[in-house]
Amino acid sequence: MIAETGLIALWLAGALTLLQFILGAVGLRTDREAYFAAIRPVAIAQGLFVALSFLLLIWLFLRSDMSVKLVAMNSASVKPLLYKFAGTWGNHEGSMLLWVTVMGLAGAFIALFERSLKTRTLVATLAAQAFISLGFYAFLLISSNPFERMFPVPADGQGLNPLLQDPGLAFHPPTLYFGYVGLSVAFSFAVGAMITRDVGAAFAKAMRPWVLGAWIFLTLGITAGSYWAYYELGWGGWWFWDPVENASLMPWLAATALLHSVTVLATRDGLRAWTLMLAVVAFSMSMIGTFLVRSGILTSVHAFAVDPERGSFILALLALYIGGAMALFALRVGTVKEGSRFELVSREGALVANNLLLSVILALVFIGTLYPLFVEAITGDKLSVGPPYFNLATGPLALMLVAVMAAGPLLRWRRDNPRTLLNRISIPILITAASLFALALFTTGMSILSLLGMGLAAGVAIASFAPLWKRNLRRTPMHTYGMVIAHFGIAVALVGMASEASFTEEKLVAATPGDEIVVNNWKLKFEAIEPVAGPNWTALESRITAQYGDGALHPINPQNRMFAAAQTQTSEAALLTRWNGQLYVVLGDGDSEGRWQIRVWWKPFVTLIWYGGILVALGGLLAMVGRLRRGYKQRKQREFAEAML
């Protein structure tokens, strides 16, 4: 009965979502308070029902109910508990149910906690959120039922894709979904504001926490996904410009631009039309990412390949939502009043430059990702657009973006004096120049992009703390600390990227037990190959000891694993992390003469890439908490003042 109860809860959530949309649409048309009052409890109820449905699906996976087709196709009774839990969304139907669950709960949270918007704008926002959700409910209930029964009931399931049997599955997909859904909420706010012609600072302040939250989750999701692919796939790289990787990067780029734009609108009442457009673009990128991952159009270790019928359904949703949003924007943008003006040399001007650069980078990634698909659809020819294009096309622009980011916080709002600005940024410029000179003098083999990136990172690291200069640190707002930490995190990640690109050393050998491998200052001794067994796999494990210089010996044990349920072999890299980098070892195949392929990389400071990403997300979290606390205090002060009148 658990599966049937979950399906009933899903149908009820879908029906309540339809009711939520009708209440909003009719209420806005008739301007009747009864409809406005009813929409909040309906939104809360649909969030509770869809959450119940998802919790019941988790329970079916935890108890290994093989009578449910989804469980039988994606789980096994011998699978560790963590992967039974995470396996709930490690498939197409489960991940889509997670998507609508987060979307439903987001609508419920808006209904519960949003008090700053005008009533009509809030109702329009909830109606827009319901309209988006309806398409995904229809998709689940019509073509992707997660609770479908299976007869006869198999003795055991097929198990999860071995590449997904990693703790990263419990963290990476949910964080990305929270980010995608956060952008859908921002889009709903934008649609609500356009419908009611209420585009101003209040709308931006209500939308900003959702944009910031989405951006934080996308940052964490991309950072975690990069590290997961880095150690799981065994190729030694942290970003391959895979189309599905790009599917998460494109919404992040749009969300970053939207975050800066909505800040200008909330703080200075500027960039009104630009903010609306970016909200539409950010949501469009999340929809395009969903189509790429779930339509079966791509073959990737990250993608959920499904049949063309489902792909057509998603494509129809994409056309409906993006086309409708673009049409609404075109119809309403003429009615959006011009916001406050500003000079070119100002913080607003820097943020506009930031957004333009982000938009160009987004366009280049979009073209590079989708162009091969268009060519294949038209001509049947398969093309590959890889790292050479993306690095060359986006690298210089990314460095320009970082430079503008460093200068932005040093500018004054509205207008600034170029001469005094030059004085304020002189120290970061001098540090950048000195770093470039030192790197050119004492290093060899660095590409121009890596050299510029590492030199610029030094200047950005100093400039990121400039907003704290000559300030009372105790009275400095938390969101300022958040900005400082996020910008410093960019500098940290930039150092890691440049170092990994320029100073990585690699060696591939065919070794027999007793052989020694030398990479950089590391000496590795290959001692033996031993069989080992895990919860649902067996493996051949190499016993290797690694020594850095004349230091201590460290065991390092890469494996070749075989998963019996899926009849799949995976290569499990072994990592040894020091303060100045990572030793990365992969075990390949053996031959008839007893030799084994062993690939070794020494990657100086590569971990700074992910530490930087964590710092960026932490900065965003501090900024969000600070903004919410400030907004709460201001609201309480207003309520107190009104009560005293």
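Computed from a predicted structure; not experimentally measured.
- A distance below 6.0 Å separates the ring centres of W610 and Y230.
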Side chain to side chain contact (heavy atoms under 4.5 Å, CB included) between W601 and E505, intermediate numbers included
CA-CA 6 Å; W601 287 272; E505 295 185 31; over 6 Å; no
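- Within 6.0 Å of atom CG in L320, more than 12 heavy atoms from other residues, nucleotides or ligands are found, so the atom counts as buried in its surroundings.
- No hydrogens or angles considered: nothing links the side chains of S188 and T125 as a donor-acceptor pair under 3.5 Å.
- Going from atom CG of L449 over to atom CG of L392 covers 7.5 Å, rounded to the nearest 0.5 Å.
- A donor-acceptor contact shorter than 3.5 Å links the side chain of S464 to the backbone of A461.
- Evaluation of the ring-ring contact (aromatic ring centres under 6.0 Å, His included) rule for Y321 yields F131 as partners, not counting sequence neighbours.
- Between the side chain of T577 and the backbone N or O of Q582 there is no donor-acceptor pair closer than 3.5 Å.
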Steps toward side chain to side chain contact (heavy atoms under 4.5 Å, CB included) verdict (L452, M446)
CA-CA 9 Å; L452 292 173; M446 291 191 75; over 6 Å; no
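- Here the side chains of F203 and V262 are not in contact, with every heavy-atom distance at 4.5 Å or above.
- Considering all non-hydrogen atoms of both residues, L494 and G453 come closest at CD2-O, 3.3 Å.
- With sequence neighbours left out, R627 forms a salt bridge (Lys or Arg N to Asp or Glu O under 4.0 Å) with no residue at all.
- Partners of S502 by side-chain hydrogen bond (donor to acceptor under 3.5 Å, both in side chains), not counting sequence neighbours, listed by chain and number: S450.
- Side-chain atoms of T480 never come within 3.5 Å of backbone atoms of T476 as a donor-acceptor pair (strictly under, hydrogens ignored).
- Within the 4.5 Å cutoff, the side chain of D242 has no heavy atoms near those of the N246 side chain.
- Remark: the backbone N or O of V495 is not paired with any side-chain donor or acceptor of S499 at under 3.5 angstrom.
- Counted within 6.0 Å of CZ on R424, heavy atoms from surrounding residues, nucleotides or ligands total more than 12; the atom is thus considered enclosed.
- Sorted by first and then second residue, the pairs that involve residues 266-289 and meet ring pair (Phe, Tyr, Trp, His ring centres under 6.0 Å), not counting sequence neighbours, are F187-F283.
- With hydrogens and angles ignored, the 3.5 Å screen pairs a side-chain donor or acceptor of E114 with a backbone N or O of L117.
- Using a 30° and 60° split on the angle between ring planes, W239 and W241 fall in the perpendicular class, above 60°.
- Nearest heavy atom pair, residue V460 against residue A491, reads CG1-CB, 3.9 Å.
- Judged as a ring pair (Phe, Tyr, Trp, His ring centres under 6.0 Å), the pairs with a partner in residues 423-476 (not counting sequence neighbours) are, in order, F465-F488.
- With contacts defined as side-chain heavy-atom distances shorter than 4.5 Å, the pair F240/F390 does not qualify.
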Using side chain to side chain contact (heavy atoms under 4.5 Å, CB included), reason through M287 and L317 one step at a time and then give a plain yes or no.
CA-CA 9 Å; M287 284 295 298; L317 290 179; 4.3 Å; yes
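- Between W238 and M497, some side-chain heavy-atom pair lies under the 4.5 Å cut-off.
- A donor-acceptor distance shorter than 3.5 angstrom exists from the side chain of R347 to the backbone of P409, with no hydrogens or angles considered.
- Sorted pairs that involve residues 352-365 and meet side chain to side chain donor-acceptor pair (under 3.5 Å), not counting sequence neighbours, are lacking altogether.
- Distance check, rounded to the nearest 0.5 Å: CG of L622 to CD1 of I216 gives 9.0 Å.
- Residues forming a ring-ring contact (aromatic ring centres under 6.0 Å, His included) with F503 (at least two apart in sequence, or on another chain): none.
- By the 4.5 Å heavy-atom criterion applied to side chains, M624 and L628 are counted as neighbours.
- Note that CG of L351 and CE of M405 are 12.0 Å apart. Values are rounded to the nearest 0.5 Å.
- Residues Y389 and G368 share a closest heavy-atom pair of CE2-CA, 3.6 Å.
- Annotation: I448, atom CD1; neighbour count of heavy atoms from other residues, nucleotides and ligands within 6.0 Å does not exceed 12.
- Going from atom CE of M454 over to atom OG of S435 covers 10.0 Å, rounded to the nearest 0.5 Å.
- Rounded to the nearest 0.5 Å, atoms CD1 (I609) and OG1 (T223) are 10.5 Å apart.
- Contact record, Q129 with S184: OE1-O, 3.5 Å, taken as the closest heavy-atom pair.
- Contact annotation: the side chain of V185 never approaches that of V211 to less than 4.5 Å [non-hydrogen atoms, C-beta and beyond].
- Dense packing is recorded around CZ of R578, with more than 12 heavy atoms of other residues, nucleotides or ligands lying under 6.0 Å away.
- Considering all non-hydrogen atoms of both residues, L397 and V360 come closest at CD1-CG1, 3.5 Å.
- Residues passing the ring-ring contact (aromatic ring centres under 6.0 Å, His included) test with Y180, sequence neighbours excluded: W99.
- To the nearest 0.5 Å, atom CG of residue L621 and atom CG of residue L220 are 8.5 Å apart.
- Crowding of Y227 atom OH: a count of heavy atoms from other residues, nucleotides or ligands under 6.0 Å exceeding 12.
- Minimum heavy-atom separation, P467 to M483: CG-CE, 3.6 Å.
- Here the side chain of K205 pairs no donor or acceptor atom with the backbone of G200 at under 3.5 angstrom.
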Apply side chain to side chain contact (heavy atoms under 4.5 Å, CB included) to M285 and L362, showing your working.
CA-CA 9 Å; M285 290 301 105; L362 171 60; 3.8 Å; yes
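- Residues that satisfy the side-chain hydrogen bond (donor to acceptor under 3.5 Å, both in side chains) test with T263, not counting sequence neighbours, are absent from this structure.
- Put simply, the side chain of L265 reaches to within 4.5 Å of the side chain of R272, judged on heavy atoms.
- The ring-ring contact (aromatic ring centres under 6.0 Å, His included) search around F178 returns F217, not counting sequence neighbours.
- For the pair F605/E500, no side-chain contact is recorded, criterion being any heavy-atom separation below 4.5 Å from C-beta on.
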Enumerate donor-acceptor pairs with a distance under 3.5 Å from any side-chain N or O in residues 248-258 to protein atoms, sequence neighbours excluded.
unit_1	atom_1	unit_2	atom_2	d
S248	OG	E245	O	2.8
W252	NE1	T219	OG1	2.8
T256	OG1	W215	NE1	2.9
T256	OG1	W252	O	2.7

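- Every residue meeting the salt bridge (Lys or Arg N to Asp or Glu O under 4.0 Å) condition with E506, not counting sequence neighbours, appears here in chain and number order: R599.
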